[in-house]
Amino acid sequence: MSGLRIGWALCGSFCTLATVTAEIAETVAAGHTVYPIFSAPMCAVDTRFGTAEHWRMQISDLCGRSPLTTLTEVEPLGPRDMLDVLVVAPCTGSTLARLAAGDSSGAVTLAVKSHLRRERPVVLAVSTNDALAGSFPSIAALKNRKHYYFVPMRQDAPVEKPNSLVADFSRIGDTIYAARQGRQLQPLFLG
């Protein structure tokens, strides 16, 4: 599996960005073309994990193109048949809720809506502290919709954060492969 056109939407789970960036680098090294897409927080929020400008520059360098950040930039993805698969990693609880509600008011959610127009796979790599609480209904709703595929996920700190889940980002490639065949990997695992 090489030569895919992959949209990669990054949302504001800032603590996972270094891991996700390494996965983007591996994806590009494997011969795929990656079109980065940034949520509004990715464009503007500086955190202890890096500044918005740092992440913009790093992702731009890795992908060889600047992230798409506006509605007008992402809207053509579906109509122009620009992607084979769209990955949302990290996918926050807020993004899950917007997708489940059909809200396409941001760059990431409109990118998903536009991509789904072609009935192609959307791969979600969850990272949220309330996955087993407030975000659980959104996960359940999207799990039951066509063309959504979840990267296997686990509790990342069951004692300190009993409702938190994080995707095994190293399984994004496996999930893309399975999703292109219409298969969902086991979405939850222990360990």
Side-chain angles (χ1 to χ4, degrees), residues 6-25 27-28 34-78 82-83 85-116 122-139 141-142 148-151 153 155-157 160-161 163-169 172 175:
I6 300 173
W8 198 301
L10 294 98
C11 302
S13 178
F14 300 100
C15 62
T16 64
L17 291 179
T19 303
V20 169
T21 301
E23 293 304 316
I24 292 172
T27 302
V28 171
V34 174
Y35 296 88
I37 302 160
F38 275 14
S39 67
M42 285 295 303
C43 296
V45 178
D46 296 340
T47 72
R48 63 187 168 109
F49 300 104
T51 65
E53 184 59 26
H54 162 79
W55 293 114
R56 176 185 288 278
M57 289 175 50
Q58 186 169 9
I59 298 298
S60 296
D61 288 347
L62 283 173
C63 300
R65 60 186 45 80
S66 295
L68 306 174
T69 62
T70 67
L71 299 176
T72 54
E73 289 174 330
V74 300
E75 187 279 329
L77 293 174
M82 295 174 66
L83 304 175
V85 64
L86 176 57
V87 174
V88 183
C91 184
T92 62
S94 297
T95 300
L96 289 166
R98 288 182 183 101
L99 291 171
D103 176 352
S104 57
S105 61
V108 170
T109 54
L110 182 58
V112 170
K113 177 184 176 183
S114 180
H115 177 70
L116 284 172
V122 175
V123 171
L124 303 176
V126 172
S127 178
T128 181
N129 288 328
D130 75 339
L132 297 174
S135 291
F136 193 74
S138 299
I139 292 170
L142 294 169
Y148 282 99
Y149 300 88
F150 284 87
V151 175
M153 57 191 126
Q155 285 186 285
D156 56 319
E160 299 86 13
K161 302 186 299 181
N163 293 313
S164 182
L165 290 177
V166 65
D168 178 354
F169 296 110
I172 290 173
T175 308

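When atom types are taken as modelled, the side chain of Glu73 and the backbone of Thr69 share a donor-acceptor pair closer than 3.5 angstrom. A donor-acceptor pair under 3.5 Å links the side-chain atoms of Arg65 to the main chain of Val34, judged by distance alone. Side chain of Ser114 to main chain of Leu110: no donor-acceptor pair is present (N/O by atom type, distance under 3.5 Å, no hydrogens or angles).
Going from atom OG of Ser13 over to atom CG of Asn129 covers 7.5 Å, rounded to the nearest 0.5 Å. Between the OG1 atom in Thr21 and the CG atom in Leu62 there is a gap of 6.5 Å [rounded to 0.5 Å]. Distance check, rounded to the nearest 0.5 Å: CG of Leu17 to NE2 of His54 gives 8.5 Å. Note that the CG atom of Leu10 and the CZ atom of Arg56 stand 11.5 Å from one another [nearest 0.5 Å]. Considering CG of Leu77 and CE of Met82, their distance stands at 5.0 Å, rounded to 0.5 Å. Note that the CG atom of Leu132 and the OG atom of Ser164 stand 8.0 Å from one another [nearest 0.5 Å].
For the residue pair Thr92 / Thr95, a side-chain donor-acceptor distance below 3.5 Å is found, with atom types taken as modelled. Between the side chains of Asp103 and Thr109, no donor-acceptor pair of N or O atoms lies under 3.5 Å.
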Verify side-chain contact (heavy atoms from CB on, under 4.5 Å) between Ser60 and Ser66, making sure each step is shown before the conclusion. CA-CA 5 Å; Ser60 296; Ser66 295; 4.0 Å; yes

Run the side-chain contact (heavy atoms from CB on, under 4.5 Å) test on Ile172 and Trp8 for me, step by step, so that the C-alpha distance in whole Å, both residues' side-chain angles and the decisive distance to 0.1 Å come before the verdict. CA-CA 11 Å; Ile172 290 173; Trp8 198 301; 3.6 Å; yes

Pair Cys91-Leu96, side-chain contact (heavy atoms from CB on, under 4.5 Å): steps then yes or no: CA-CA 7 Å; Cys91 184; Leu96 289 166; 3.7 Å; yes

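For the pair Phe136/Asn163, no side-chain contact is recorded, criterion being any heavy-atom separation below 4.5 Å from C-beta on. Side-chain contact between Thr27 and Val87 is absent, with no heavy atoms from C-beta onward closer than 4.5 Å. Two residues are said to be in side-chain contact when any heavy atoms from C-beta on lie closer than 4.5 Å; Tyr148 and Leu99 meet this criterion. Between Gln155 and Leu165, the closest side-chain pair of non-hydrogen atoms falls below 4.5 Å.
The two residues Thr128 and Val126 have their closest heavy-atom pair at CG2-CG1, 3.7 Å. Shortest non-hydrogen contact noted between Ser127 and Thr16 is OG-CG2, 3.4 Å. Nearest heavy-atom pair, Pro90 versus Val20, reported as atom, atom and distance to 0.1 Å: CD-CG2, 3.8 Å. A pairwise comparison of heavy atoms in Gly12 and Pro41 identifies CA-CB, 4.5 Å as the closest pair. Pairing each heavy atom of Pro137 with each of Ala133, the nearest pair is CD-O, 3.6 Å. Across all their heavy atoms, Leu71 and Ser104 have their closest contact at CD2-O, 4.1 Å.
A side-chain contact (heavy atoms from CB on, under 4.5 Å) with Val112 is found for exactly one of Val74, Leu124, Val122, namely Val122.
Taking Asp46 as the reference, nothing meets the salt bridge (Lys or Arg N to Asp or Glu O under 4.0 Å) condition, with sequence neighbours excluded.
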